[in-house]
Amino acid sequence: MTQNPTYDVCAVGNAIVDVLAPCEPTFLTAQGLTAGSMQLVDANQSAALYAAMAAGVEASGGSAGNTVAGVGSFGGRAAYIGKVADDTLGGVFTHDIRAAGVAFDTAPLKDGAEQGLATGVCMINVTSDGQRTMCTFLGAANQLAAADIDAALIGASAIVYLEGYLFDPAPARVAFEAAAAAAHAAGRKVAITLSDSFVVHRWRTELLAFIEASADIVLANEAELAALFETEDFDHAAAHLGRIVDIAAVTRGAAGSVVFGGGGAERVEVAACPVDKVVDTTGAGDQYAAGFLLGLARGLSLEDAGKLGSLAAAEVIAHWGPRPMTSLEVLAIEAGLGLRPA
């Protein structure tokens, strides 16, 4: 019999420190950047972009790191596996994620500076409509390997959540497989987020194979879904995703989200929570995942789990930065979505 989990969600992802700054569309054009995209850059490109950007705000980020910080804000129990270097930014990341109530004990990369592998940084330029364009230097985050996967930690977590951005380096894909195997061996669920349509375009065949073989839960947005099934027919693609996994959630920005359960047998439309002004969409999908996954871990219905996700996404897009600034637990209670005790 599967023991009660110690953690609601354990996330595996790129440990990144974000640098967020406002910009005009002309800045993106001048830098040769595609608005709304995420692209990988090397250390020199990252430094050049940093020098060209407006004054910004530094905040610990990384997609899955943001998600478990959100789980912590809901009062949930979260853990994280990700690689930082043994440097100043690595210390900042470690302090921030632990301060959010998240267990984080992955050994840092030693001698990273000598290898040109400092802690990862994501340069995020945000236009006035809240859209973010990201350039990521992965650095030490790119060195996560199967040896970093703590099988006992995975087995003690109701859901293990895998960040699609980590699908780029081959060793991390092996780590994904190790994490999924450990989760299923312990009777736990495996969730994956597609993260970015460019990631999906690069690894579509491999991602599909992993999803069909190892994923119980998939989270995606419309662009990622279209890339995965190479179609702009949303209903067809969403239904297809719903059929190949136990649970799927597809976010649609202001149009809310669509959630599927029971291998596509159940379909639920979830409205977006209203926001007075969208300031910065960085972290919206990450926080949706926080609410949705925590809801599933605590046995909520698909609809209520989706509502928790919408609540968290609405909180984070109303301010700068990818992590909650208001207690999501308090907001959930006020909205009548209080979580069942663990």
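Computed from a prediction, not measured in an experiment: that's the story for all the values here. All residue numbers refer to positions in the sequence shown, counting from 1.
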How many angstroms lie between atom [atom1] of [X] and atom [atom2] of [Y], to the nearest 0.5 angstrom?
X	Y	atom1	atom2	result
Leu49	Gln31	CG	CD	5.5 Å
Lys83	Ile16	NZ	CD1	14.0 Å
Gln143	Asp148	CD	CG	10.0 Å
Ile159	Ile247	CD1	CD1	7.5 Å
Leu308	Leu339	CG	CG	5.5 Å
Met134	Met123	CE	CE	13.5 Å

Side chains of [X] and [Y]: does their closest heavy-atom pair fall under 4.5 Å?
X	Y	answer
Leu241	Phe229	yes
Asp286	Val316	no
Ile97	Ser60	no
Leu293	Leu219	yes
Leu20	Arg132	no
Asp96	Val17	no
Trp320	Val126	yes
Arg243	Phe260	no

In the single-linkage hydrophobic clustering (I, L, V, M, F, W, Y; side-chain heavy atoms under 4.5 Å), do [X] and [Y] co-cluster?
X	Y	result
Met325	Val330	no
Ile149	Phe210	yes
Val199	Leu208	yes
Leu337	Phe292	yes
Val245	Val200	yes

Checklist entry - Between Thr133 and Asn125, does a side-chain hydrogen bond (donor to acceptor under 3.5 Å, both in side chains) hold up when you go through it step by step? => result CA-CA 5 Å; Thr133 301; Asn125 284 282; over 6 Å; no
Under 3.5 Å, is there a donor-acceptor pair between the side chain of [X] and the main chain of [Y]?
X	Y	result
Glu163	Ala64	yes
Thr106	Gly82	yes
Tyr80	Gly13	yes
Arg204	Leu228	yes
Glu329	Ser73	no
Glu315	Thr326	yes
Tyr165	Gly62	no
Arg188	Ala156	no
Ser301	Asp304	yes
Arg77	Thr6	yes

Work out which heavy atom in [X] is nearest to a heavy atom in [Y]; give both atom names and the distance.
X	Y	result
Cys273	Ala314	CB-CB, 3.6 Å
Ser214	Val190	O-CB, 3.4 Å
Asp8	Ala158	O-CB, 3.4 Å
Leu153	Ala79	CD1-CB, 3.7 Å
Gly61	Arg323	O-NH2, 3.1 Å
Leu328	Leu311	O-CD2, 4.3 Å

Should the heavy atoms of other residues, nucleotides or ligands under 6.0 Å from [atom1] of [X] be counted, would the total exceed 12?
X	atom1	answer
His95	NE2	no
Glu232	CD	no
Glu24	CD	no
Asp129	CG	yes

Item to check | Audit row: Arg173, Glu177, salt bridge (charged side-chain N to carboxylate O under 4.0 Å, His left out) steps and yes/no | outcome: CA-CA 6 Å; Arg173 264 177 271 153; Glu177 291 166 2; over 6 Å; no
Checklist entry - Would Glu222 and Phe234 satisfy side-chain contact (heavy atoms from CB on, under 4.5 Å), going step by step from the backbone distance to the final call? => result CA-CA 7 Å; Glu222 288 181 281; Phe234 174 81; 3.9 Å; yes
Checklist entry - Pick one: which of Asp86, Val84, Val92 meets side-chain contact (heavy atoms from CB on, under 4.5 Å) with Thr119? => result Val84
Checklist entry - Passes side-chain contact (heavy atoms from CB on, under 4.5 Å), Ile81 versus Cys10? Steps please. => result CA-CA 8 Å; Ile81 297 172; Cys10 176; 4.1 Å; yes
Checklist entry - Less than 4.0 Å between a side-chain N and a carboxylate O, is that true for Asp235 and Arg267? => result yes
Checklist entry - Stepwise, does the side-chain contact (heavy atoms from CB on, under 4.5 Å) test hold for Lys189 with Leu296? => result CA-CA 10 Å; Lys189 297 294 185 182; Leu296 294 182; over 6 Å; no
Checklist entry - Under the side-chain contact (heavy atoms from CB on, under 4.5 Å) criterion, do Phe176 and Leu166 qualify, and how do the steps go? => result CA-CA 9 Å; Phe176 271 19; Leu166 252 184; 3.7 Å; yes
